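What you see is a predicted model; the values in this text were computed from it and never measured. Each chain gets a letter, A, B and so on, in the order its sequence line appears, and its residues count up from 1.
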2 protein chains.
Amino acid sequence: MVTRTDAPTRREQILKEAARLFAERGFHGVGVDEIGAAVGISGPGLYRHFPGKDAMLAELLVGISGQLLTGAKRRLAEADGDTRPSAVLDSLIEGHIDFALDDRPLITLHDRELDRLRDSDRKLVRQLQRQYVELWVEVVRDVYPGLSEPSARSAVHSVFGLLNSTPHLGRAGTLPGRGATAALLHRMARGAFEAAGEG
Amino acid sequence: MVTRTDAPTRREQILKEAARLFAERGFHGVGVDEIGAAVGISGPGLYRHFPGKDAMLAELLVGISGQLLTGAKRRLAEADGDTRPSAVLDSLIEGHIDFALDDRPLITLHDRELDRLRDSDRKLVRQLQRQYVELWVEVVRDVYPGLSEPSARSAVHSVFGLLNSTPHLGRAGTLPGRGATAALLHRMARGAFEAAGEG
DNA sequence: CAGCGAGGTTAGCGGTCGTTAACCTGATGG
DNA sequence: CCATCAGGTTAACGACCGCTAACCTCGCTG
């Protein structure tokens, strides 16, 4: 993991706050003035960093999908060939959980505001998402050969729903600690796949 | 199940179309003129049936939460006492799946547009949701006594995420049929709880 | 030290949207 | 047969919002 020590750029600040606000109140529910205020500048100042409000959402969504896919490909490559399929699946699950726990606003945006994108951006995001899903499907079918492809795809989407439920888990107060939560989610995901494979 | 034979009232038409549009493009992304057009009347004509756009969303969300809770209570009462706890859980799961498969737009709205409500409405919806969750938590802990209450609550939220993933499953074309999908979701939910209980 | 570009500011334009006002119409019932 | 009312219509208002224009102010750098 590459740990950053330098301060975040203004651009990164903006993206982070925009993600939080979009997740809280929806893309159309947030004004540019609010995003500006959240980083200490006022509305139109944002246009020195982004060509428009849409561009912020686009960059966020493309970034998320890209990160997820890249991470999954890396994990797949690291396990290259010799490892048990089940370990690869565990690695994918772990990666997705890390993401879901560390970037809850992004997880929220990811399946909520996709339709607010320009056509070209939306197509790009969907393509990245599809690749990510297909990658999971192959790994899952490797572990549970009894699953048909449509069933595996449904199962993968459902497990994403399970893992992406993190924003609904109490606001960090009532949670039994990050490690325990991650472990619980991991077990449940495996259990769900297991049960799907027994059809 | 009470089957309706009479035609839907205009009011019901409006709610149904509004739900669909809100789910597709978000509450703020849909104009009253579009909602009107969807039922064959024009924008302001809606105000003969609802005091405002907010009221439609409110009625939808309160209705959903209420239906879910009522259905769950009924199922719990029907199983009263003598049945195995595991059968009660199966009944809850079945009810939730029916809802998730039959009313996808509502499921989408349910966890997406809650923050767009007036304070009083939002409190009401949250209270209904909380009761629904607590009802599940008790049943789950009855079946898996090893689960702590916080873990059970997390597990319930996660399974909701799993079951509510139906809008992401292909648009009825690629799906292996409703029965098969319901069965798959049911198995996965049970598998997830099972795995959670083994912690 | 002049000049310039990066990164702000405020004022304001143009469009959209929720809502209201005023008006119309056809069915209903005394 | 007329009054009423439910359920529409169009016009328009006021607020808000994304974005642009015009201007300002530093910190560099030749």
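- D:dC17 atom C1' lies 12 Å from atom CD1 of A:Ile35, rounded to whole Å.
- What separates CZ of B:Phe27 from P of C:dG18 is a distance of 8 Å, to the nearest Å.
- Ion pairing between a basic and an acidic side chain is recognised when a charged N comes within 4.0 Å of a carboxylate O; B:Arg20 and B:Glu17 show such pairing.
- Taking atom CD of B:Glu12 as the reference point, atom P of D:dG7 lies 13 Å away to the nearest angstrom.
- Of the possible donor and acceptor atoms, none in the side chain of A:Ser151 sits under 3.5 Å from a partner among the backbone N and O of A:Leu147.
- Distances shown here put every side-chain N or O of A:Arg10 at or beyond 4.0 Å from the OP1 or OP2 atom of C:dA6.
- Taking the centre and axis of the six-membered ring of B:Phe27, the NZ or CZ atom of B:Lys53 falls inside the cone set by 45° and 6.0 Å.
- Non-hydrogen atoms lying under 4.0 Å from DNA chain D are contributed by A:Pro44, A:Tyr47, A:Arg48, all within residues 42-50 of chain A.
- If you measure from atom CG of B:Asp54 to atom P of C:dC17, you get 15 Å, rounded to the nearest angstrom.
- Atoms NE2 (B:His28) and P (C:dC17) sit 13 Å apart, rounded to a whole Å.
- Residue-environment remark: CD (B:Glu134) exceeds the threshold of 12 foreign heavy atoms within 6.0 Å.
- As judged by a 4.0 angstrom heavy-atom cut-off over every strand, B:Val39 is placed among residues making no nucleic acid contact.
- For A:Arg11 and C:dA6, the CZ to C1' distance is 15 Å, given to the nearest whole Å.
- Here the side chain of A:Thr166 pairs a donor or acceptor atom with the backbone of A:Ala100 at under 3.5 angstrom.
- In this structure, CG of B:Asp33 is placed 13 Å from C1' of D:dA12, rounded to the nearest angstrom.
- A donor and an acceptor atom, one from each side chain of A:Ser120 and A:Arg118, are located under 3.5 Å apart.
- The side chain of B:Ile41 lies closest to D:dT9 when the candidates are C:dG8, C:dT19, D:dT9.
- Whole-Å rounding puts the A:Lys53 NZ to C:dT16 C1' distance at 13 Å.
- Summarising the local packing, CD of A:Gln13 is surrounded by more than 12 heavy atoms from other residues, nucleotides or ligands at distances under 6.0 Å.
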